[in-house]
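Encoded as structure tokens, the structure appears first; notes follow it.
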Number of protein chains: 2
Amino acid sequence: MKVTDKHDKIIKAAIRVFAKKGFFNSRISEIAKEANVADGTIYLYFNNKYDILITIFEEEIGKIIAKVKQEIAKIDDPRKKLERFAYLHLRLVEDNRDLAEVIQVELRQSSKFMKEYRNKKFAEYLNIISQIIRQGQNQGIFRQDVMPGIFKRAFFGALDEMSRFWVLSTRKKYRVSTAAKQISKFFLDGILIPELKAN
Amino acid sequence: MKVTDKHDKIIKAAIRVFAKKGFFNSRISEIAKEANVADGTIYLYFNNKYDILITIFEEEIGKIIAKVKQEIAKIDDPRKKLERFAYLHLRLVEDNRDLAEVIQVELRQSSKFMKEYRNKKFAEYLNIISQIIRQGQNQGIFRQDVMPGIFKRAFFGALDEMSRFWVLSTRKKYRVSTAAKQISKFFLDGILIPELKAN
DNA sequence: ACTATCTGAATGAACGTACATTCATATTTT
DNA sequence: AAAATATGAATGTACGTTCATTCAGATAGT
């Protein structure tokens with residue numbers, strides 16, 4: 001690794017600028033300034049503005065998926081796996097706010113144009129969840145009528161919306177561990193009081 | 001109402017174009033063409049491009065909130081209210097795909113710049129959910145440890161992610177009623193098989 | 001009933017600017 | 001001193017917005 005890795009400096013700067021202004025409202029000159037680099041230098045490392053965005057996704061999302069997979073693999077009980085997934089997801093957002101915001105907003109925005117890409121990586125992330133469900137169903141822990149394809153989206157969506165709330169609001173109202181526990185409990189136990197559960 | 005309401009024609013055209021290309025990649029000339037109107041005509045009805053987007057939100061979101069509130073009010077049982085909310089939300093998305101896509105992607109994108117706006121209207125929508133929870137808690141149907149502020153986001157997020165899936169994919173894999181039932185059941189009953197419920 | 005005058009909605013070519021990208025030149029590294 | 005890396009002013013263009021002009025239809029005058 002070079003003493004000053006320009007590639008990395010530019011990526012880090014771009015994450016900050018994109019998070020603050022959004023991709024289309026960010027200027028190359030701003031990113032250059034934030035990275036302490038000349039405008040032209042950016043084009044020595046990236047083909048164009050859009051390429052910077054793509055690279056952010058490619059380099060960062062892979063790391064996240066690998067990390068979550070690895071952590072989940074350490075646990076046996078599918079119930080605990082779910083709770084752990086929730087915690088890890090929210091922690092990642094908390095620890096990488098700018099990145100989280102860029103992924104949330106811009107990956108969505110661009111999804112039409114990079115559908116294949118989103119589909120591949122994002123599906124991989126979601127499938128960590130559906131795998132947990134199938135494992136739980138095989139072990140007789142989760143109900144058979146739970147559709148893993150719907151569950152994975154619902155569970156991810158719940159976490160994602162919670163993250164968005166954090167990313168957009170300045171102060172957090174709830175702690176990560178509280179939110180992770182609440183959300184996984186919603187999905188595991190439901191919200192009905194025990195006596196009322198019919199099934 | 002005039003024979004040809006240009007304001008409306010332009011809004012409808014813009015929803016189609018924004019949904020297809022995204023706000024920043026949409027050209028005024030495209031919207032004009034789609035609306036069968038000259039470029040300049042658009043500026044007789046709107047101050048600028050951004051104003052078109054704002055107007056879409058202002059005119060359409062209000063209608064949606066009003067409709068959902070009204071439908072929910074007809075029901076007593078908080079359990080049924082939740083399921084109905086899920087169904088209505090997903091139905092709205094299904095019946096107004098382009099609008100749903102614009103709201104999902106662009107409202108999020110712009111949220112930093114129209115925070116006050118999103119906060120107001122969107123919070124109103126989310127609060128329909130937390131009201132249902134509080135009502136259920138008062139009636140002794142929902143557990144007291146459910147935090148309405150977290151629940152509303154989790155529930156909305158689950159529906160929203162399911163919608164995004166529909167908006168972005170060409171063919172629907174699940175029926176609206178199936179998804180609505182699954183998701184509300186997740187939240188009401190959880191996914192554990194009955195024997196395993198500890199609490 | 002016919003003509004003249006007025007009106008303002010609609011048009012689309014022209015304008016001006018903002019900004020991504022390039023490249024001739026400078027600096028640093030080997 | 002050659003090669004590699006970095007610079008930032010200059011370039012070219014895409015596109016939001018403007019505005020002089022048109023013209024269908026309304027109103028008034030004869």
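Basis for what follows: all heavy atoms, side chains included, without hydrogens, waters or symmetry-related copies. All chains are named by letter (A, B, ...) in the order of the sequence lines, taking the proteins before the strands, and each is independently numbered beginning at 1.
In this structure, A:Ile42 places its CD1 atom 13 Å from P of C:dT22, rounding to the nearest Å. With rounding to whole Å, B:Ile31 atom CD1 is found 17 Å from C:dG12 atom C1'. B:Phe46 has its CZ atom 12 Å from the P atom of C:dA10, to the nearest Å. Put simply, OH on A:Tyr45 is 18 Å from P on C:dT21, counting in whole angstrom units. D:dA14 atom P lies 14 Å from atom CG of B:Asn25, rounded to whole Å. Taking atom CG on B:Asp39 and atom C1' on C:dA10, their separation rounds to 12 Å, with Å as the unit. Rounded to an integer number of Å, the gap from B:Asn36 CG to C:dG12 P is 11 Å. Rounded to an integer number of Å, the gap from B:Asp51 CG to D:dT17 C1' is 14 Å.
Using bins of under 30°, 30° to 60° and over 60° for the plane-to-plane angle, the ring pair B:Phe156/B:Tyr125 lands in the perpendicular bin. Under the 30°/60° scheme for interplanar angles, the aromatic rings of B:Tyr174 and B:Phe165 are found to be tilted.
Nearer the 5' end of DNA chain C, as judged by each residue's closest nucleotide, is the contact made by B:Ala38, out of A:Ile28 and B:Ala38.
Minimum atom distance to the side chain of A:Leu44 is reached by D:dT7, of the listed D:dT7, C:dT21, D:dT18. Listed candidates were D:dT7, C:dT11, D:dG16. Nearest to the side chain of B:Lys49 is D:dG16.
A donor-acceptor pair under 3.5 Å is formed between the side chain of B:Lys49 and the backbone N or O of B:Ser26.
At the phosphate of D:dA6, neither OP1 nor OP2 sits under 4.0 Å from any side-chain N or O atom of A:Tyr43. Between A:Arg27 and the phosphate of C:dA18, there is no side-chain N or O to OP1/OP2 separation shorter than 4.0 Å. A sub-4.0 Å separation between OP1 or OP2 of C:dA10 and a side-chain N or O of B:Lys6 is present.
Salt bridge annotation for B:Lys9-B:Asp5: absent, with no cationic side-chain nitrogen under 4.0 angstrom from a carboxylate oxygen.
The aromatic ring centres of B:Phe186 and A:Phe155 sit 6.0 Å or more apart.
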